[in-house]
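Written below as structure tokens is the structure these notes are about.
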Amino acid sequence: MNKTEQLELEHKRLESLINSMSDGVISTDEKGNIILYNGAALDVLDINSIQRGFSIESVLKIINDKKEPLDVKRIILESKTQTISRDYKIKYTDGSIISIYLSISPVHLGYGKKGDHGFVLIIRDISREKSLEEERDEFISVISHELRTPIAIAEGAISNAQFIVEKKGDITTIKDALESAHSQAIYLEEMINDLSTLSRAERGVLDTDIEEINARDFVENLLLIYEKDAQSKGLKIHLDIDPSLELLSSVKLYVQEIMQNFITNAIKYTPKGSIIITAKKIDNGVEFAVSDTGIGISKGDQARIFDKFFRSEDYHTREQNGTGLGLHVTRKLALLAKAEITVHSELGKGSTFSIRFPNLK
Ligand code: ADP
């Protein structure tokens, strides 16, 4: 093998090596003109080909968090040692934006000429990791914020009760303080239940036992559970049960959790009036609905209420505690139970959440 053949072989080896990498690799000369690239680089840059010799900024157009374009050539040429960033983004021609990992390494290319050098760039799409990170950060911030209020109220109420006990004060004031602390503890418990159901639903390890549910007993039982909460706000709950109702075969745990979410929301977001729970027979299943005469949901918000953490900006909503997790969990459970949810709502008038459960066997 002569020298040229050997060089060619070396070159082919190098090419197959970088082409086998899943990260995008681009190497440039000292002026930032492209010498070499691999297939993964085309994928991450979302282009069909790269012209060798072209300047790097013609293919790699990066932007920052504020979507401002950055001078990529200068960033590269000014790198004296290996620099790694996870904060750059690339905007594709269709307008979508991805987050990238970008490593810039100044290297000596060693093609004969002394002092010859260049840069090797490694580019990876990290949008998924970034969105998980953002979701986790948002999750922690929302949860800690939501936990703080009930804990502060409960703590205040308990210390108030202690103070009154020490001073041998009025027993009804002590009772009120303890009641307030108790209701906050219940709220915390509900929130933790929501979180644990969500985490189990996301990991897909929920109970999946299908049971025969007597829909009439089921709804009457819901009334027993929530009647008191409604009454304490001056609301009345009415039942409207189809006499021809048959047994529903579904996962009771899901049906229960979903209906509880609809009812607790109806109570929470209804300052005055009433709530109607209906159950009617449908083809191969049961449709339940919870209607309220509450604050209602704007058209814009209706599209988002099932998103994780979504809570309306409306001040009536913000007067109530909430995590924005309930309906998100509800939608996940509905999917597992093959049930279909519909929402009808008008601002200031009220909302109806309906759900059609099919028989699962
Ligand atoms: P949370 O009640 O904890 O805020 P949910 O996921 O249960 O979270 O609900 C999301 C949002 O949907 C609520 O913050 C509220 O804006 C809106 N919403 C849900 N149910 C009702 C209802 N019955 N009436 C008015 N708004 C509602």
Side-chain angles (χ1 to χ4, degrees), residues 135 138-151 153 183-202 222-223 225-226 229-230 233-238 240 254-278 288-336 339-355:
E135 204 174 290
E138 190 190 354
F139 185 83
I140 293 171
S141 119
V142 171
I143 291 301
S144 46
H145 178 259
E146 291 301 329
L147 290 175
R148 203 175 301 132
T149 316
I151 288 175
I153 298 174
S183 78
Q184 294 302 318
I186 289 175
Y187 167 70
L188 285 170
E189 188 187 359
E190 281 167 3
M191 185 154 80
I192 288 161
N193 284 343
D194 265 1
L195 286 173
S196 92
T197 317
L198 175 63
S199 121
R200 278 182 294 141
E202 281 185 338
L222 286 173
L223 176 67
I225 302 173
Y226 289 104
D229 287 352
K233 278 190 79 177
L235 304 171
K236 191 129 185 59
I237 302 185
H238 303 283
D240 179 0
Y254 301 171
V255 185
Q256 178 97 18
E257 181 85 25
I258 292 170
M259 290 305 288
Q260 287 188 341
N261 280 335
F262 288 159
I263 299 168
T264 47
N265 278 346
I267 298 175
K268 203 154 82 170
Y269 300 115
T270 304
K272 63 175 197 294
S274 58
I275 290 157
I276 306 173
I277 307 174
T278 56
F288 294 108
V290 179
S291 301
D292 64 55
T293 56
I295 61 174
I297 309 161
S298 71
K299 282 271 173 291
D301 284 353
Q302 282 177 36
R304 302 171 61 200
I305 50 176
F306 294 97
D307 293 351
K308 199 183 217 171
F309 296 128
F310 178 80
R311 303 202 69 216
S312 168
E313 294 295 337
D314 184 288
Y315 79 95
H316 294 294
T317 304
R318 296 301 164 125
E319 278 175 347
Q320 306 294 326
N321 275 325
T323 55
L325 283 173
L327 289 182
H328 182 70
V329 172
T330 300
R331 191 180 54 180
K332 283 203 181 284
L333 296 178
L335 204 72
L336 294 173
E340 200 185 307
I341 303 176
T342 6
V343 183
H344 288 285
S345 185
E346 206 176 320
L347 262 187
K349 295 220 166 124
S351 315
T352 300
F353 285 82
S354 319
I355 182 154

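Counting starts at 1 for both ligands and their atoms, in listed order.
Contacts with ligand 1 closer than 4.0 Å are made by no heavy atom of Q320, backbone or side chain. When heavy-atom distances to ligand 1 are checked against a 4.0 Å cut-off, F353 comes that close only through its side chain, counted from C-beta outward. With a heavy-atom cut-off of 4.0 Å, S351 touches ligand 1 through its side chain alone. Within the 4.0 Å heavy-atom criterion, the part of L325 lying near ligand 1 is the backbone and not the side chain.
The ligand atoms of ligand 1 that sit less than 4.0 angstrom from a heavy atom of G324 are 1 (P), 3 (O), 4 (O), 6 (O), 8 (O). Proximity to S312 (heavy-atom distance under 4.0 Å) selects the following atoms of ligand 1: 14 (O), 16 (O). Close approach of ligand 1 to R311 is summarised as follows: ligand atoms under 4.0 Å from at least one heavy atom of the residue are 1 (P), 4 (O), 14 (O). If you number the atoms of ligand 1 from 1 as listed, the ones under 4.0 Å from a heavy atom of G296 come out as 25 (C). Listed by atom number, the atoms of ligand 1 under 4.0 Å from I295 heavy atoms are 25 (C).
Closest protein heavy atom to atom 5 (P) of ligand 1: L327 N, 3.6 Å. Protein heavy atom nearest atom 26 (N) of ligand 1, with residue, atom name and distance: I297 CG1, 3.3 Å. In terms of protein heavy-atom proximity, atom 10 (C) of ligand 1 is closest to F310 O, 3.3 Å.
Checked by distance only, ligand 1 and D292 come closer than 3.5 Å through their nitrogen or oxygen atoms.
For K268, the closest heavy-atom approach to ligand 1 falls below 4.0 Å.
Of the possible polar contacts, none joining the E346 side chain to the G296 backbone as a donor-acceptor pair under 3.5 Å is found.
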